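A short worksheet on the structure shown next.
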Amino acid sequence: MGNPKLIIGNKNYSSWSLRAWLILTKLGIEFEEVPVLLFSEGYKEELLRCSPAGKVPIYIEDELVVWDTLAIAEYLAEKYPTLWPSNVKQRAQARSISAEMHSGFFALRGAMPMNCRATEREVMLTAELRDDIQRIQDIWTKYRNENAEAGSWLFGSFSIADAMFAPVVFRFNTYGVSCDSVAGEYMNMILNDSDVKRWYEAAKNEIAVIEEDEVGIV
Ligand SMILES: N[C@@H](CCC(=O)N[C@@H](CS)C(=O)NCC(=O)O)C(=O)O
């Protein structure tokens with residue numbers, strides 16, 4: 001039995017890769033990172049050789065292949081239950097906001113693609129985009145306020161919910177979205193997290209450019 005593998009895309013652009021990577025990294029288990037440059041020649045065939053969905057992230061443990069971020073997160077949480085809050089009601093809340101992120105926020109995801117190394121980008125704030133931004137700040141504020149005494153993550157300790165929102169922090173940073181106080185503190189905490197910083201440094205050193213994710217240049 002070797003170490004598990006995580007196939008990820010470009011660190012600068014692949015928000016789903018960041019989520020799965022952060023979960024594994026926070027567990028502190030050894031795993032092998034296998035980078036695939038998205039949209040480079042042959043990348044799709046390479047992904048399809050590993051997973052029928054042909055998308056990153058892909059988690060491989062011996063014969064087992066798990067794809068799709070939420071499925072990877074849930075599989076890991078079965079083995080490492082601390083990835084969800086221990087309280088059943090908080091667990092339901094954490095799952096709700098994680099699922100909300102996984103299945104929604106299309107205005108934000110469309111208009112503000114993750115581009116970790118880019119700064120001072122500006123995009124048009126449509127009503128739908130404003131609503132997504134507000135909803136995310138409301139989520140951060142509510143759970144930080146409720147769990148402030150338990151630690152600095154949404155539910156006190158790090159959980160899958162924090163990983164789900166980590167790429168949003170990079171998005172807000174790139175496109176100059178400022179947050180209210182409690183949400184702003186949470187955003188800064190994530191930006192200063194040592195693992196998130198490690199991802200960011202690697203993203204900055206990448207040279208591949210995905211043109212369609214280079215938006216908001218002023
Ligand atoms: N629902 C999937 C989405 C995965 C996804 O869209 N990954 C993107 C990168 S962030 C990808 O593989 N893009 C390359 C492609 O679609 O060919 C998940 O949660 O993992």
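Just so you know, ligand 1 is whichever comes first in the structure, and atom 1 is the first atom listed for that ligand. We number each residue from 1, following the sequence as shown. Keep in mind that what you see is a predicted model, and the values were worked out from it rather than measured.
Remark: Arg19 is positioned above the aromatic ring of Trp16, its terminal NZ or CZ atom under 6.0 angstrom from the ring centre and at most 45 degrees off the axis.
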Legend entry - Test log, rule side chain to side chain donor-acceptor pair (under 3.5 Å), inputs Asn147 and Gln90: CA-CA 10 Å; Asn147 301 305; Gln90 287 188 331; 2.8 Å; yes

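Below 30°, between 30° and 60°, or above 60°: for Tyr75 and Tyr59 the angle between ring planes is between 30° and 60°, a tilted geometry.
For the residue pair Gln134/Asp138, the side-chain donor-acceptor check at 3.5 Å is satisfied. Residues Tyr186 and Gln137 bring no donor and acceptor atom of their side chains to less than 3.5 Å of each other.
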Less than 3.5 Å apart, N/O on ligand 1 and N/O on the protein: could you list those pairs with the distances?
residue	atom	partner	partner atom	Å
ligand 1	1 (N)	Asp68	OD2	3.1
ligand 1	7 (N)	Val56	O	2.9
ligand 1	12 (O)	Val56	N	3.0
ligand 1	16 (O)	Lys55	NZ	2.6
ligand 1	17 (O)	Tyr43	OH	2.5
ligand 1	17 (O)	Lys44	NZ	2.7
ligand 1	19 (O)	Asp68	OD1	3.2
ligand 1	19 (O)	Thr69	N	3.2
ligand 1	19 (O)	Thr69	OG1	3.1
ligand 1	19 (O)	His102	NE2	2.9
ligand 1	20 (O)	Thr69	N	2.9
ligand 1	20 (O)	Thr69	OG1	2.8

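Evaluation of the salt bridge (charged side-chain N to carboxylate O under 4.0 Å, His left out) test over residues 159-188, restricted to residues two or more places apart or in two chains, returns none.
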